[in-house]
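Structure first, then comments.
First listed ligand is number 1; within each ligand, the first listed atom is number 1. For clarity, every value in this text was computed on a predicted model and none was experimentally measured.
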Amino acid sequence: MKSYKIVLLSGDGIGPEISEVSIKILKKLSQKYAFEIDIKEEYFGGIAYEKHKDPAPKVTLEQCKSSDAVLLACVGDVKYDSLPRELRPESGLLKLRSALNLFANIRPVKIRKSLLDSSSLKKEIIENVDLIVVRELIGGIYFGKPRGQITNTELKKAFNTMVYDSSEIERITEVAVKIANQRSKKICSVDKANVLEVSQLWRDTVLDVTSKYKDINLSNLYVDNAAMQLVKEPSQFDVILTNNLFGDILSDLAAMITGSIGMLPSASLNNTGPGVFEPVHGSAPDIAGKNIANPIAMALSTSMMLKIGLNEKEAADDIETAIDNVLSKGYRTLDLKNENCQVLSCSEIGEKIIQEI
Ligand code: NAD
């Protein structure tokens, strides 16, 4: 029997609540599809700081490196915001991405038919949206050096560096090409080449790489226009390729098209080792511990893990179908509440999904 080692990082806030649902889903699927899942839970984020004074302890990173895939819920809480930056939960995320060399972040944005009315955009604008944001994840301004604050001058100053070399741009472009080739072969690369030298290199390199692939239809947009187009006509996009900072912002914007940030999964990948599969949202401290969080983004991340990380496509599709069935029966968590729905708790909607599998 096939056997997979999964490291689960439930993290902080709503993390443990939404993880509970995914653990149950995985257990049910492992029985149905006859594979073994060995789930190792490790400390990560604020909870890891409490236990080990490190948001990404060495033992956690070692377990992740030796796993088949990592399932991560979310980290963070306002109570850690006064810690030195390197001890904050969010720094743990950067450390994990770096340790596993996760240079490619994939965020699918797909409208689920039964949620057409949940978006803040009009139904006719969003009904055909099916796009993927491919974001470079371990370079650019979040990692660039020098960075810091200068406080010994009359005026305080702070600075960061947005830097890419061509090899970093080439490898993320290859990922976008691979994904585009399985879809409509359209890539829109987003940059700010009219102002930033680093974006000019981005644009030139993306063109160099994609010109090797005759079928790929490449377009370029400046990031400000891309933000506008995502709200005006999101269905024009198929694969959006962009850097770390722009991808962070645009993928949250794209997330809201679907109705709730509680619906969106993501995968962070490299070319060889285990990937990290996680919801797009944060730890939602405002609703943590109330059993009202939406566990669907985490369940869809579990589906991405099965499909991309473990090659268990049927089991992955089963989760998607189960979620669609539950939503089409009118069950919703509070974030998706509408007039005709039945609002369920996090664990209750989890049970409904499991019953559909
Ligand atoms: P957030 O995504 O946690 O929450 C934003 C809003 O969306 C909140 O109102 C929250 O209640 C709601 N929300 C989020 N997920 C939901 C879900 N599954 N179901 C229902 N509602 C949901 O973003 P934030 O408030 O800016 O950040 C809170 C903490 O999370 C911060 O410490 C931040 O640094 C951290 N964070 C972590 C990650 C991550 O772990 N990858 C990502 C973003 C933010």
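Note on Lys28 versus Glu356: no salt bridge recorded, every NZ/NE/NH1/NH2 to OD/OE distance being 4.0 Å or above. Ion pairing of Asp224 with Lys192 is present here, as a side-chain N (NZ or NE/NH1/NH2) and a carboxylate O approach within less than 4.0 Å.
For ligand 1, the protein residues placed under 4.0 Å by at least one non-hydrogen atom are Ile14, Cys74, Val75, Gly76, Asp77, Glu90, Leu93, Ile261, Gly262, Glu278, His281, Gly282, Ser283, Ala284, Pro285, Asp286, Ile287, Ala293, Asn294, Asp335.
Asp165 CG: more than 12 foreign heavy atoms inside a 6.0 Å radius.
Tyr43 forms part of a hydrophobic cluster together with Ile47, judged by ILVMFWY side-chain heavy-atom separations under 4.5 Å.
One side chain, Asn244 or Arg135, offers a donor N or O that lies under 3.5 Å from an acceptor on the other.
For the pair Lys53 and Tyr49, the cation sits on the ring face: its NZ or CZ lies under 6.0 Å from the ring centre, inside 45° of the axis.
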